[in-house]
Structure formats: structure tokens, C-alpha cells
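To keep things clear, I will list the structure first and then write my remarks on it.
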Number of protein chains: 2
Amino acid sequence: MTASIKEVAQRAGVSLGTVSNVLNRPDAVAPQTRQRVLDAIRELGYVRNDSARQLRAGRSRTVAIVVLDVSNPFFTDVVRGAEAVVEAAGGMLVVCSSGEDPARERHHLDLLEEQRVRGLLITPVGDDHHRRLERLVARGIPVVLVDRGSGQSNRCSVAVDDRLGGRLAAEHLAAAGHRRIGFVGGPLAIPQVADRHAGASEALAAHGDGVELRMFETRSLTVAAGREAAERVCALPAKQRPTALFCANDLLALGALQGLTVGGLRVPQDIALVGYDDIEFAGAAAVPLTSVRQPREQLGRTAAQMLLEEAENDGDHGHRHVVFQPQLVVRQSTSGVGRPQTT
Amino acid sequence: MTASIKEVAQRAGVSLGTVSNVLNRPDAVAPQTRQRVLDAIRELGYVRNDSARQLRAGRSRTVAIVVLDVSNPFFTDVVRGAEAVVEAAGGMLVVCSSGEDPARERHHLDLLEEQRVRGLLITPVGDDHHRRLERLVARGIPVVLVDRGSGQSNRCSVAVDDRLGGRLAAEHLAAAGHRRIGFVGGPLAIPQVADRHAGASEALAAHGDGVELRMFETRSLTVAAGREAAERVCALPAKQRPTALFCANDLLALGALQGLTVGGLRVPQDIALVGYDDIEFAGAAAVPLTSVRQPREQLGRTAAQMLLEEAENDGDHGHRHVVFQPQLVVRQSTSGVGRPQTT
DNA sequence: CCATTGGCTTGTATCGTTTCAGCAACCGGG
DNA sequence: CCCGGTTGCTGAAACGATACAAGCCAATGG
């Protein structure tokens, strides 16, 4: 059914090794022999068997990236960045989504380990993954943490300063005079969420005089969760209700925007809204969203580069921790007045 | 470095085959032997080598899906549907993005063929892929066309009726009294685009009396391309300018919305806008978008089911062609009056 | 004219699994 | 006491590719 190198050899009247040479070191084969082999390959429709290659070589050319949610445009942009780098290097990037579920994450890691992937980019779900990743590294599979700083010095990481991002958002709101601010996000086990919250908290504490940060925890970082959180906000009596919401990502913010509108609250007149990530859709929302921008594609590119670099110099390799700075993009959802902007 | 089955066998004091049995047919091994083997596995941190497994088995457990654009929420939803089915069956789904580029598509297919994937879900870029896919099928790799009907009877397909979708959109606009309608989409080599256009064209022709459908071709189906098309529209003198735009997908429509706003045209008062796909962000846009809804996740689920089914019954298998019906969802971008809706 | 070189090619071992025929020990029935 | 049937395990043969030592032959140099 599927021709192997042996049949190609037979047909071309050469030995196994020669065919292999044609494939891998064409210059080491005499031109006319090479041509005969190439003809045979074409005639039989021969295609290399990667399993065999990998088995022999002991390593694969595929790199995996495990993200929290493929449907989140933030991650698809990260993936695109990583993809570009990996493909340029002749590899293949496989994308797995943990869906914020530690069990699925583990399952994916199991499979990827069995496949002996060349390296792993991961945005881990919780905090209990250290031993697991440790083991991969010990096995010679380099790991780069994405969108997550690492205290660990035995692996690289690429992150954006989430505390700073949280501070930027909170300071912006506090400066606009908000005193009751709500934080929408969760699960708190996700470090990015915790850090953004911590940053906001920090900034408000520094601000002094009873600025309050109230937590509206969500079960996931999705539009639906944002809508649901907004319902809780709307249900509060006006006196207790926050006058501004800081959402842990833009999906939540977009959901919250919908939920608030349904609940009869106007953004930003009745309640201001800040998102996080500045995904492409944030600026195009019903009320264009103020958001904390992250260098999404660059995150992916840098992570992939570091990974490939580590994969080359098998073994010794100075682990680096790159931290990018987020940037506040102010739009209508916090600006009180003004006309729609579309950047 | 990485333990193999042989070392496990040695440590447990049994033969190779026994370890393999513990892994694959645990009941065929005496409980205490089994335990010894399991202990050895744990102590050595043994992990199966999938390459070797695949090589021996001649087939892999991974299924691939090749989509036009991972950043398009339509496709991420399709992917999620497919993923759910494949994972439930114990497999793994690898996602590749062709970026609407035939060369990249070919490259991915090459790699996937080398990997001897179990099956392939694909939304092909152009129309010249038949021979290519044919070859995969001949090799025993089942192929299911996604979001694309197939005249071919030797493979399955799952699609949504794009001509009908185009008709729905165009009829809606014509019924609202629009006489100069613009179609924004491209490249036309993408069958979905061509079909949606054809459907619209058809509906308007049936409508008679000089209703005009003018083409604004784009280079891709992205937000940026939509913005750029809107600039072209804005540049036209008011008399020639369409009073409505039908965009081949929601990304284009969202981009167009931004471009039109920047160009000083109001949606829907000055120009109406219809998108396609009804992605989650369509309803949350600055002006909630009227759009043609497709059953996105179901598309993926059905495709994956058909693929797995075909992969089971190696060989004979009745190829099916499932066609879903799209559905027009009317929102503010074509409704002239009314208040924001958020569903 | 022999030795040496260098260009091409061959054959074989190897990677880590799974599979399968075969062997040893044991059991109960005739 | 032997025989057929289990049960539990072993050992070797694949799977398809790559690497590498070794061989062959013609050409080159002394």
C-alpha cells in the first residue's frame, strides 16, 4: 500500500543506504544514480515515514504549545507568532488547548511526552505543574513558560508584567475618581489572574483613602463568564455597586459589556470598564474598550526562539526570563464623554 | 537518559513481551508480575515511545485539521467541536493553519503525510487540491472536507449551504429596499467566498429591476482587509456608493465597520452591513452585526465523527455529504432604527 | 607498475515497540 | 500415569529509516 525505502531501492536497483543518501545527503551520490532513485521515488509515490525517522533519530521536529483556550484571540495571536518562528526553522507547531482544566493539561502533557516532542511552550493552568515540567526538562525536552514569569531558573520564560498591568488599569480608574471598583476574573488559581488582581490591589492601596476593590470571581475567562458576572453586579443595590469594573481579560470585558447593557447600566456613564489583552475585537466593541495591551505575537515569537535556541545547544544553555511591559490603551469605555474611536 | 521497555523488563526481571503485555493487555499478566512491572515503570519514570509504537502499528492516533486561519473565531469554534470528539476517542487533534496560502497548505499536507496521520479534516484553500487529497485517500488516510461541499464521492464532507447563506443575506437587504449593494470578500479562489457571492448574485437577479451587486475584492478574510475595503467604499462618490455591504465573513464586516466609521459613514443609517458566520464578537460589535449564522462547533463535531467512523471501518465506507442550513440573524447593523441588542 | 587516494556504494546494526509462535508448568479427568 | 487444556511467560521477528564501517573501482602519484 505505502511504499517504503526498500521498494524504492529495489526499483532503482540500488541499496537501501543509497536511497537514504539521496534523501539526506544528495551530494554524496553520483548524479545519474541520484536521478534513478528520484525517478523511482516519484513513480512509487514514496513518502518518508516520520515515525521511523524519529525513532532512529531519537527526537522529533515538532514543537508543542499548550494554551489555556484556543478560542481566545489573545492566544491565537501568541500561537501565530510561535508558528512563524517554528515553521521558519523547518519544524511543525502543534497546538493543544487545556481549556483551563488541569486534567486536560496533564493528559496533553502525557501524550506530548510520549511523542517525544522537541520542545514545549506552555501557559500552565495552575501552580502544581512544577514537578511535571521538571520531569520533561530532565528528559531533555526544553520547556518555555509563556505569559508567565518563572522563579525557576532551569527553564526560560516569556511574560508580560501582569502586576504592572493591573496597576496601570487600577490607577487609571482611581485617577478618574472611581472609589468602588470591581475586579472580574477567575479562577484565581490562574497566575495571570491573581497577578493582575494583586497589581490592582497594590495600586489602590497606595492610593489610600478607602478605595475599595471588590472581587467578582468567575469560573473561566470567557465571554459567557463575563456576562454572568455582570448580572451579579447589576443585582447589587446602586449604593454598593462598583462604579468601575476591571476585567482580567477582554473576553470577560466584552461579556460584561453585554451583561451590563442588558441589565440597564450604560458604559461608561453608569459604570466604567477596563479589559486586558487588547485583542483585535476590543477596539471594535459596542463601546470601544479601554484595555491593557500585551505584545501578543511577539510573546509567541520570542518564546519559540528561546525554545529553539535551547533545543539546539542540547544541555547547557543560559535560561533567560524575558518580561515585556504592558501598555494601557484608553478608549471610550472609561472616557465618560467623547465619540467612538476605532483604533 | 530515557528508559526503554527493555530496561523496565530487566529491572522487573521479566521479558520484553511481558512488559508490553502489562501495558496493553494487563489481564493477561499474573497480578504479582504485573505489580512488579508497574513498580519498575514508576521507579524508572518510563514513558512509552510513540514513534516506535506507531512504526510498529503502521498508523498513528492523531488526527489533523487544516484551517484557513487560526485567528478566525469561526475556525476556532470548529476546532473545538472536532477536538472534543477526537479526544473523547482517545486521539489527539493537531491544528494547522494554511493562512489562506496554498503553498503553506501543501507544506502542511506534506508533513502530515510523512507523519501518517490517522485522518485529515481540511478546509482547502483553492480548487487545485483534488489530486493531492486523492492521493491521501489512496494511501488510506481518510479525508473529510470541512465547510465545503464536495462533488467527489470518494470522501466525506460537512458543509453549510453557502449559496443559501448568500441568498438570505441579499434578500434581506433587497427587501429593506437597497438597490446598490456591495460584496466585500476574497480571494475569490476560496470557494466559500465564491459561493456566498454567487448566492447573493442569484437572489438579486431573481429580484429583477436593476438591483446591482458590486464586488469589492479583498486579499484575505481579515479585519484589516475589511477596513481597507471600507476605505475604497468611502472613496466613492455618494451616488455610486452602495447603500449596503454584504461581507463574506464577520472579520471583514468588523473591519468594514471600523473603516466606514472612520470614513464618516454611519451604520446602518448611511450604509447597512451584513456579516457571515455570526462569531461571538458579531453581536458585541460597536453596531451589533446582522450576520448569517453557521453551526460552528457542530460542523467540527460532525466532521470528526465521520472521519473517525471512516478510520474504523478501514476501506469500505459509505461517504456522506452533510449540509447544514445557515440562518440569518438580524441585528442593528441593518435595522435602521431600534436600540442596541446584545444577543 | 604498485600504492594510495578519493568517490560511490553496500550491508548491517540499531532505534523501541508489538505480535506471535512456542514452551513450561500445572490442573483435573479418564 | 498420561493427556488435553489452561495460564503465564519468553524470544525473536518485524516495522522503516539512518549511520557507519567496509568494500570496490578508477584515477593519481611516485
Side-chain angles (χ1 to χ4, degrees), chain A residues 1-38 40-41 44-62 110-111 113-118 139-141, chain B residues 1-38 40-41 44-62 110-111 113-118 139-141:
Chain A
M1 161 141 286
T2 307
S4 81
I5 217 177
K6 200 187 320 185
E7 308 171 52
V8 172
Q10 212 154 18
R11 177 163 196 130
V14 298
S15 80
L16 268 187
T18 300
V19 178
S20 175
N21 280 336
V22 169
L23 260 26
N24 302 300
R25 281 179 302 280
D27 302 329
V29 179
Q32 63 159 331
T33 314
R34 190 195 311 152
Q35 194 53 52
R36 266 206 331 264
V37 172
L38 290 174
I41 287 180
L44 292 172
Y46 165 78
V47 172
R48 264 180 162 112
N49 182 324
D50 205 51
S51 318
R53 235 149 101 73
Q54 274 187 212
L55 173 57
R56 185 64 240 252
R59 50 143 85 167
S60 101
R61 290 166 314 162
T62 82
D110 285 345
L111 291 181
E113 201 174 342
E114 291 190 2
Q115 303 197 12
R116 304 288 193 269
V117 291
R118 189 72 197 280
R139 266 216 161 55
I141 299 183
Chain B
M1 161 139 286
T2 309
S4 81
I5 220 179
K6 198 185 326 185
E7 307 171 52
V8 173
Q10 211 154 17
R11 177 162 197 131
V14 298
S15 81
L16 269 187
T18 300
V19 178
S20 176
N21 280 336
V22 169
L23 260 25
N24 302 301
R25 281 179 303 280
D27 303 327
V29 179
Q32 63 160 331
T33 315
R34 192 196 310 153
Q35 195 52 54
R36 268 208 329 266
V37 171
L38 290 175
I41 286 180
L44 293 172
Y46 166 77
V47 173
R48 262 180 164 118
N49 183 325
D50 205 51
S51 317
R53 232 149 102 75
Q54 274 187 214
L55 173 57
R56 184 63 240 250
R59 49 143 86 167
S60 101
R61 292 165 314 164
T62 82
D110 285 344
L111 291 181
E113 201 174 341
E114 291 189 3
Q115 302 195 15
R116 303 288 192 271
V117 291
R118 191 71 199 279
R139 268 216 159 55
I141 300 183

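What you see is a predicted model, and the numbers here were worked out from it, not measured in a lab. In the text below, chain A, chain B and the rest are named by the order of the sequence lines, each starting its count at 1.
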Whole Å only: how far is the [atom1] atom of [X] from the [atom2] atom of [N]?
| X | N | atom1 | atom2 | answer |
| --- | --- | --- | --- | --- |
| B:Glu7 | C:dG16 | CD | C1' | 11 Å |
| A:Asp27 | C:dG7 | CG | P | 12 Å |
| A:Leu16 | C:dA13 | CG | P | 13 Å |
| B:Ile5 | C:dG16 | CD1 | P | 11 Å |
| B:Asn49 | C:dC15 | CG | P | 12 Å |
| A:Ile41 | D:dG16 | CD1 | P | 16 Å |
| A:Gln54 | C:dC15 | CD | P | 17 Å |
| A:Gln10 | D:dG16 | CD | P | 13 Å |

Review point. Relative to the 5' end of DNA chain C, which residue comes earlier, A:Gly17 or A:Pro31, by the nucleotide with the nearest heavy atom?
Key: A:Pro31
Check your understanding: Between B:Leu16 and B:Lys6, which heavy-atom pair has the shortest distance, and what is it?
Key -> CD2-CA, 3.7 Å
Study note, to complete from the structure: Out of D:dC9, C:dT18, C:dT10, minimum distance to the side chain of B:Ser20 belongs to C:dT18
Check your understanding: Of all the nucleotides listed (C:dT18, C:dT9, D:dT18), which has the minimum atom distance to the side chain of B:Leu23?
Key -> C:dT18
So what does [X] touch, heavy atoms closer than 4.0 Å: a base, only the sugar-phosphate, or nothing?
| X | value |
| --- | --- |
| A:Arg25 | sugar-phosphate |
| A:Asn24 | sugar-phosphate |
| A:Thr33 | sugar-phosphate |
| B:Thr18 | base |

Check your understanding: Does any N or O donor sit under 3.5 Å from an N or O acceptor when you compare the side chain of A:Arg56 with the base of D:dT18?
Key -> yes
Check your understanding: Between B:Val29 and A:Asp50, which has a closest nucleotide on DNA chain D that is more 5'?
Key -> B:Val29
Study note, to complete from the structure: Walking DNA chain D from its 5' end, the first of B:Val14 and B:Leu55 to be reached, judged by nearest nucleotide, is B:Val14
Rounded to the nearest 0.5 Å, what's the gap from [atom1] on [X] to [atom2] on [Y]? Could you check?
| X | Y | atom1 | atom2 | result |
| --- | --- | --- | --- | --- |
| B:Arg61 | B:Arg59 | CZ | CZ | 11.0 Å |
| A:Arg48 | A:Ile5 | CZ | CD1 | 8.0 Å |
| B:Ile141 | A:Thr2 | CD1 | OG1 | 7.5 Å |

Exercise for review: Please state whether the phosphate of D:dT18, meaning OP1 or OP2, lies under 4.0 angstrom from any side-chain nitrogen or oxygen of A:Arg53.
Suggested key: yes
Check your understanding: Given the rule in the side-chain contact (heavy atoms from CB on, under 4.5 Å) test, do A:Val14 and A:Val22 qualify, once you have shown the distances and angles that lead to the verdict?
Key -> CA-CA 11 Å; A:Val14 298; A:Val22 169; over 6 Å; no
